[in-house]
Structure formats: C-alpha cells, structure tokens
Amino acid sequence: MPYGTGYGMYASVSGATGSAEGVKRMLPVGAVSSAEGVRGVEDSRAAKRVGRAECQTCKSRKYKDGSDEMVSFKSATHLSPQAAGSAVMAHEQEHVSNAYKKAALNDGKVLQASVQLHMGVCPECGRSYVAGGTTSTKIQYNEDNPYEKNAKSLQAEAFKGNNVDVAV
C-alpha cells in the first residue's frame, strides 16, 4: 500500500494575512476626491513594480519551511521576488531527494513525486511572486512481513473518512 507525504513552504509578511482577499487600495489623505491623487497612487505603485521605488511588503517578505525534515529555510529567510522562484523550487527538490533516499533505505520505491509552486500578488506594488511550494510524494514499501501488512491495513482503516469534501 503506498503512503503519501506532503511538505509545504510559504512566504509571510509580518501583519499580513497572506491572502489578497479583502485588500482595499488606500489613498493618501486629501486625495480621495481628487482624480490627480488617484493617478499619483497608481504612479507610485508602478514605480515600485519596476523597482524605482522600494516596496516595503516585498522587502519584508520571508520564506520558512514548515516540515519536520532537515532541509533549507528552517529559519525565516528573505528572498527577492526575482530569486524566489528558483530558490523555492530548489528547496522543494530537496524534499523529493529526501523521499528517494528514504525509499532506498527502507526497501521502498517512489511511485510519484511532484512539486507545485504557489503564486501571489503583492498588494502594495502589484508584482507577482512565488509565494511558496508544496511537494507530494508516494512511496511503496516491500511488504514481505505479514504483521507489517496487517498493521498498515489497520492504519488505513483508521484514516478512512478523515478527508471529507463538504462542498459537494
């Protein structure tokens, strides 16, 4: 019976929710009723997007691994939006490599390993960035021992029904 594991890494900004839902554009005081003030806000956002002005949200974004494996990003680390994609992908590949090592040590076989990168949009500057990643692996172990087979089937019975899709 194959077993699956999943590991995830996500970016965070202090005081931010990580979701763009409910984010409203804030205008400077006095610019609310002025079309010129709105244009000024949009111009500053464009300047931040192209790198002419500094975006505080992108500057304070940090990445941290949430798994129990010994991999990179165990402590929160800042990555620029340009470097985040390759760094997060390399980090997730460490999890894939660990799955192959674990399978080789325990007489198993990796049936499936996949990496998914998650994207986000900065609410301050509008720049898209890699917000994190998730690695999923399935390993099948050699089950010659009947006691081990029985234990795994009991474990499978215990997990049935734990994941229910209530949206249906």
Side-chain angles (χ1 to χ4, degrees), residues 1-23 48-51 55 57-168:
M1 170 181 246
Y3 289 92
T5 57
Y7 303 101
M9 180 174 103
Y10 297 96
S12 65
V13 178
S14 298
T17 61
S19 167
E21 201 170 276
V23 173
K48 289 177 183 177
R49 188 177 310 129
V50 296
C55 173
T57 304
C58 290
K59 184 179 178 183
S60 62
R61 184 176 301 116
K62 295 183 184 244
Y63 292 81
K64 184 175 181 181
D65 178 62
S67 71
D68 56 354
E69 285 190 2
M70 290 307 300
V71 290
S72 60
F73 296 106
K74 280 304 186 187
S75 62
T77 306
H78 170 72
L79 294 173
S80 69
Q82 298 85 359
S86 60
V88 171
M89 180 57 88
H91 166 82
E92 296 301 329
Q93 289 298 327
E94 288 181 57
H95 288 296
V96 173
S97 175
N98 287 347
Y100 276 95
K101 286 178 191 172
K102 183 179 175 183
L105 288 174
N106 298 318
D107 196 25
K109 178 181 175 183
V110 176
L111 300 177
Q112 179 267 334
S114 65
V115 173
Q116 182 180 23
L117 295 182
H118 307 286
M119 300 298 293
V121 177
C122 178
E124 185 178 346
C125 67
R127 182 183 295 165
S128 62
Y129 64 94
V130 174
T134 305
T135 300
S136 298
T137 59
K138 289 185 182 173
I139 302 173
Q140 183 175 21
Y141 294 99
N142 186 1
E143 298 175 353
D144 290 336
N145 185 347
Y147 297 107
E148 199 171 305
K149 271 186 181 179
N150 189 29
K152 288 181 181 179
S153 66
L154 287 174
Q155 187 180 19
E157 287 295 323
F159 285 112
K160 282 185 182 174
N162 285 349
N163 298 323
V164 177
D165 188 2
V166 294
V168 175

Gln112 vs Ser114, test: side chain to side chain donor-acceptor pair (under 3.5 Å). Steps then yes/no. CA-CA 7 Å; Gln112 179 267 334; Ser114 65; 2.9 Å; yes
Given side-chain contact (heavy atoms from CB on, under 4.5 Å), test Tyr141 with Lys102 step by step and report yes or no. CA-CA 10 Å; Tyr141 294 99; Lys102 183 179 175 183; 3.4 Å; yes
Step by step, work out the side-chain contact (heavy atoms from CB on, under 4.5 Å) result for Glu94 and Ser72. CA-CA 8 Å; Glu94 288 181 57; Ser72 60; 2.7 Å; yes
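Among the candidates Met89, His118, Met119, the single residue satisfying the side chain to side chain contact (heavy atoms under 4.5 Å, CB included) test with Val130 is Met119.
Contact record, Ala84 with Tyr63: CB-OH, 3.3 Å, taken as the closest heavy-atom pair. The shortest heavy-atom contact between Lys109 and Ala103 is N-CB, 4.1 Å. Shortest non-hydrogen contact noted between Gly120 and Ala131 is N-CB, 4.1 Å. For Ala99 against Ile139, the heavy-atom pair with the smallest separation is O-CD1, 3.7 Å. Taking all atoms of both residues into account, the shortest heavy-atom contact from Val121 to Gly126 is CG1-O, 3.7 Å. The minimum heavy-atom distance between Leu117 and Gly85, with the atom names listed, is CD1-O, 4.3 Å.
To the nearest 0.5 Å, atom CG of residue Asp65 and atom CD of residue Glu92 are 7.5 Å apart. Rounded to the nearest 0.5 Å, atoms CD (Glu69) and NZ (Lys101) are 10.0 Å apart. Atom CE in Met70 sits 10.0 Å away from atom CG in Asn98 (nearest 0.5 Å). Here the straight-line distance linking atom CZ of Arg61 with atom CG of Leu79 works out to 10.0 Å at 0.5 Å rounding. How far NE2 of His95 is from OG of Ser67: 4.0 Å, rounded to the nearest 0.5 Å.
Side-chain atoms of His78 come within 3.5 Å of backbone N or O of Lys59 as a donor-acceptor pair.
Residue Lys74 qualifies as enclosed at atom NZ: its count of foreign heavy atoms under 6.0 Å is above 12.
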